[in-house]
**Q** 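Input: one structure, supplied below.
Atoms considered below: every heavy atom in the structure, side chains included; atoms not considered: hydrogens, waters and symmetry mates.
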Amino acid sequence: MSVRSLVLALFVVVASAPLAWAGQRGQAKEQVEFGIQVAQRGLWKEAIYRWERATQLDPTYAAAFNNLAVAYEHEGQLAKAREAYAKALALEPNNSLVRQNYDLFKEINDRAAQKDGRQF
Amino acid sequence: MIARLRKTAGSFRRTAGGRARLTLCLALVAALVACTSYTEIPIETPIQPKLDVTPFQRIFIAGFIAGANEDVDANMETVRLLRSQLRNKGVMRVIDADTLPLLEVAKQGGETSTPPVPDQQAATPVADQDPAKPPVFNDEKDLEPYNHIFANVAYWKRIGEEFQQPLIVTGAVLFAPQQRSGFVQREQEVYDSFGRRQVVPVRTYMERKGFVLRPTFIFIDGRTGETLHSETFREEILYNANQQTPALSSYFELMDRLLPAFLNTLSAQKIKGTRTLLK
């Protein structure tokens with residue numbers, strides 16, 4: 001293989017990477033949107049499946065992690081919800097909507113974690 | 001505003017370049033909306049109970065050491081409220097019996113020969129008080145001399161045997177008036193020279209009075225007399241000094257705030273809320 005064809009192959013790989021990423025994001029977006037539709041009908045388990053799939057397809061998709069966290073919250077899986085919110089915030093630290101969700105979640109989580117009162 | 005928009009759109013439509021710019025603007029707005037699209041959704045988060053109550057079929061709200069307000073019998077009101085809430089919830093069968101005279105029992109040493117007393121400091125003030133006069137509780141320290149009753153395993157075991165070994169709920173309720181003055185931030189409506197309404201924060205010095213409610217709920221195993229769990233809450237409410245709010249309504253308002261947490265000790269709760277789903 002000549003140097004020229006090697007450079008060409010490398011160029012093709014580099015040039016197609018964003019396209020591949022865009023394709024993954026597109027598929028993830030479809031899963032996220034379908035997840036929202038089913039969550040609105042109360043099918044939270046199906047929504048979790050869709051949003052988990054979206055995070056697998058595109059692990060940089062903050063919205064998918066945010067939605068997954070909301071669904072885990074609804075299902076009472078608070079440890080998983082915290083983890084998903086943390087990932088969403090790590091990906092988009094300035095997203096005020098994710099931050100707002102997380103703050104509301106923390107209130108509930110703190111209450112649930114408050115197991116022990118003052119002992120006499 | 002609408003007229004101005006129409007005018008702007010009209011000026012865009014006049015030329016081909018304007019039309020292109022208008023299309024571009026609309027495309028940008030559409031793209032922005034698509035990028036930030038979100039949906040609000042109601043959720044219900046289930047919270048597991050703090051205490052495993054499966055070994056108990058019955059619950060006895062035994063009474064509370066309470067005082068500090070002559071208008072409200074905090075012991076009786078708390079017993080009534082908790083019993084009715086638990087009946088509505090149907091968590092366990094609520095035992096409808098007279099409340100225990102905890103103050104007298106504490107003074108007598110729990111009706112047992114050797115009631116456990118946590119420390120000497122705690123025991124002394126009870127002995128010093130005039131037995132004919134009901135004690136006054138203004139803060140937590142006033143309640144401390146009576147706390148030993150909750151650790152009296154033999155006493156609670158005997159009560160448990162009497163009521164077929166239920167889960168016993170007891171504790172102390174401090175409901176006291178309070179007065180506070182200081183700067184308070186409130187929102188005030190103002191209108192500028194164009195008559196536009198604005199809400200601005202204003203700091204004003206105010207004399208305020210209200211009540212503080214500090215209940216401690218202690219859950220005792222009626223089979224063994226041992227304390228299973230205890231938790232203390234604190235809620236307060238303040239009004240303008242000239243506002244006349246009955247003590248009883250303040251008591252219920254404060255109890256309303258902490259009842260979900262109390263009930264969550266015994267049964268799972270669903271907390272309603274709203275979250276935002278993102279696209």
Side-chain angles (χ1 to χ4, degrees), chain A residues 25 28-42 44 47 50-51 54 61-78 81 85 88 91-92 95-120, chain B residues 34-52 65 116 118 122 140 143-144 146-152 170-172 214-220 226-234 258 260-262 264-265 268-279:
Chain A
R25 172 57 63 96
K29 210 166 162 49
E30 278 173 22
Q31 297 290 330
V32 162
E33 283 175 13
F34 189 77
I36 291 172
Q37 283 175 31
V38 293
Q40 283 171 328
R41 289 180 198 145
W44 287 93
R50 296 291 167 180
W51 293 329
Y61 195 5
F65 282 106
N66 169 76
N67 297 357
L68 192 54
V70 171
Y72 283 144
E73 239 192 295
H74 184 83
E75 294 297 297
Q77 299 179 41
L78 301 186
Y85 275 129
L91 291 166
E92 284 186 16
N95 190 320
S96 59
L97 293 172
V98 179
R99 174 67 56 190
Q100 186 184 308
N101 278 346
Y102 181 61
D103 288 343
L104 291 167
F105 159 76
K106 263 204 311 189
E107 264 180 46
I108 289 177
N109 193 50
D110 291 350
R111 200 193 291 184
Q114 209 176 42
K115 296 256 177 194
D116 302 312
R118 207 183 77 163
Q119 294 288 334
F120 278 99
Chain B
C35 285
T36 58
S37 61
Y38 61 88
T39 310
E40 296 234 314
I41 194 160
I43 66 162
E44 283 186 359
T45 309
I47 304 289
Q48 294 309 306
K50 294 172 200 164
L51 200 59
D52 177 18
I65 288 179
E140 292 90 51
L143 290 167
E144 273 174 18
Y146 299 90
N147 286 343
H148 66 88
I149 183 72
F150 306 122
N152 190 338
T170 182
R214 189 185 168 281
T216 297
F217 299 116
I218 299 170
F219 300 82
I220 294 172
E226 304 266 357
T227 296
L228 294 174
H229 177 78
S230 88
E231 56 189 323
T232 302
F233 301 93
R234 190 184 189 281
L258 54 88
F262 169 80
N264 188 219
T265 307
Q269 293 274 300
K270 281 196 169 180
I271 298 174
K272 290 182 180 176
T274 307
R275 298 288 183 276
T276 309
L277 297 177
L278 306 174
K279 283 185 185 170

**Q** Minimum heavy-atom separation for A:N67 to B:T276, with atom names?
**A** OD1-O, 4.4 Å
**Q** Which distance, rounded to the nearest 0.5 Å, do you find between the NZ of B:K279 and the OH of A:Y61?
**A**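 OH of A:Y61 is found 9.5 Å from NZ of B:K279.
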**Q** Please name all residues satisfying salt bridge (Lys or Arg N to Asp or Glu O under 4.0 Å) with A:R99, sequence neighbours left out, ordered by chain then number.
**A** none
**Q** In Å and rounded to the nearest 0.5 Å, what is the OG1 to CD distance from B:T45 to A:E107?
**A**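 Interatomic distance, B:T45 OG1 to A:E107 CD, rounded to 0.5 Å: 11.5 Å.
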**Q** Which answer fits B:I47, side chain, backbone, both or neither, if we ask what part of it has an atom under 4.5 Å from a heavy atom of chain A?
**A** side chain
**Q** So which part of B:T274 gets closer than 4.5 Å to some heavy atom of chain A, the side chain, the backbone, both or neither?
**A** backbone
**Q** Pick from A:I108, A:N101, A:N66, A:L104: which one has the most heavy-atom pairs with chain B under 4.5 Å?
**A**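 Ranked by heavy-atom pairs under 4.5 Å with chain B, first place is A:N101.
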**Q** Specify the closest pair of heavy atoms between B:L278 and A:A63, including all atoms of both residues, with the distance to one decimal.
**A**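 Looks like CB-CB, 3.6 Å.
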**Q** CD1/B:I43 to CZ/A:F105 distance, rounded to the nearest 0.5 angstrom?
**A**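 The distance works out to 9.5 Å.
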**Q** For A:E33, is it the side chain, the backbone, both or neither that has a heavy atom under 4.5 Å from a heavy atom of chain B?
**A** side chain
**Q** Let me know if B:T39 has heavy atoms under 4.5 Å from chain A in its side chain, its backbone, both or neither.
**A** side chain
**Q** Under 4.5 Å heavy-atom distance to chain B, tell me which part of A:A81 shows up: side chain, backbone, both or neither.
**A** neither
**Q** Who passes salt bridge (Lys or Arg N to Asp or Glu O under 4.0 Å) against A:E75, sequence neighbours left out?
**A** A:K45
